[in-house]
Amino acid sequence: MHQQPATVLWNHIVGPNCFRLGLSCQRGFEAAVPGQFVMIQSGPALTPLLRRPFSIFGVIGTPGHPEGIEVLYKALGRGTHQMAQWTPGRTVDLLGPLGRGFAVAPEARRIYLAAGGMGVAPIRFLATHLIAGGADATGIRLFLGGRSQEDLLCADEFRSLGISVTLSTDDGSAGLQCLITDPLEQAIRQAPPDLVCACGPHGMLQCVSGIAEHHSVPCQISMETMMACGMGACLGCAVPAADTQAGYRHVCVDGPVFSVGQVDMG
Ligand code: FES
């Protein structure tokens, strides 16, 4: 983990209030793992005061020679609206990579990826990482859901990797009109995968965890929570452990990726 200045390379709008931010940075990302995150100071030192967590969306550069990273973010609050104004050349404060990412065993062949809304960010990094590592794209399926069509980001990128994509929306504006967990469960029932990897809103992860447990399929989920420090110091990201003897787990250092059964999803 490094703290370093990073330079904005690009800050493209890719959907309503959604941006891809490219950052040039010198070190620390040689061994970055999908699911890990960075903390970015989104404004001047006073307001907003704290850094904000962003999943790594991708590593820029050639394998083994990272030159920077990309994050995907939605301009929702004051800090991210400030970020939306950033232009190439600006220097920002970056901390990372942080946390524990996805751990995919080399023998895993059939892998189902499930993403809800902005949860697609670490899942996109995971997909590119798997393919770059030699995984067979025909064994990987993506289940991508959102409220409406504009929430479905990056579907074409997955397709261009050779990954089969199933879409769903709440309003039926794209793909199936249902929760993305419906086609996911159907696929698990028809052809159980070696691993399910998911990221999205808590309710979706609750559902994915339940489906995986019901069908006895290994599953890893990347949790999204508020984080103030990102390093285990503020205790603001604690979630209850599934094993009550274990007390709490900290999403920033014990996660954000957990195997199903490690945390109590409520
Ligand atoms: Fe501070 Fe996790 S964000 S302990």
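In each ligand, atom 1 is the first atom listed, and ligand 1 is the first ligand listed.
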message: Show, in sequence, the C-alpha distance, side-chain angles and deciding distance for R20 and E157, and conclude whether the salt bridge (Lys or Arg N to Asp or Glu O under 4.0 Å) test is met.
response: CA-CA 13 Å; R20 273 174 79 151; E157 275 197 66; 2.7 Å; yes
- request: Spell out, as yes or no, whether a donor-acceptor pair under 3.5 Å connects the side chain of S173 to the backbone of T169.
  value: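 No, S173 side chain to T169 backbone: no donor-acceptor pair under 3.5 Å.
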message: Could you check, using the six-membered ring where one of them is a Trp, whether Y112 and F143 have ring centers closer than 6.0 angstrom?
response: yes
- request: Determine, using ring centers only, whether F57 and F125 are less than 6.0 Å apart.
  value: no
message: Taking D93 first and then R51, would you say they form a salt bridge - that is, a charged N and a carboxylate O separated by under 4.0 Å?
response: yes
- request: May I ask you to test the Q3-L95 pair for a side-chain heavy-atom distance under 4.5 Å?
  value: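 Yes. Closest side-chain heavy atoms under 4.5 Å.
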- request: Report the protein N/O/S neighbours of atom 1 (Fe) of ligand 1 that fall below 2.8 Å; do not count waters.
  value: C229 SG, C234 SG
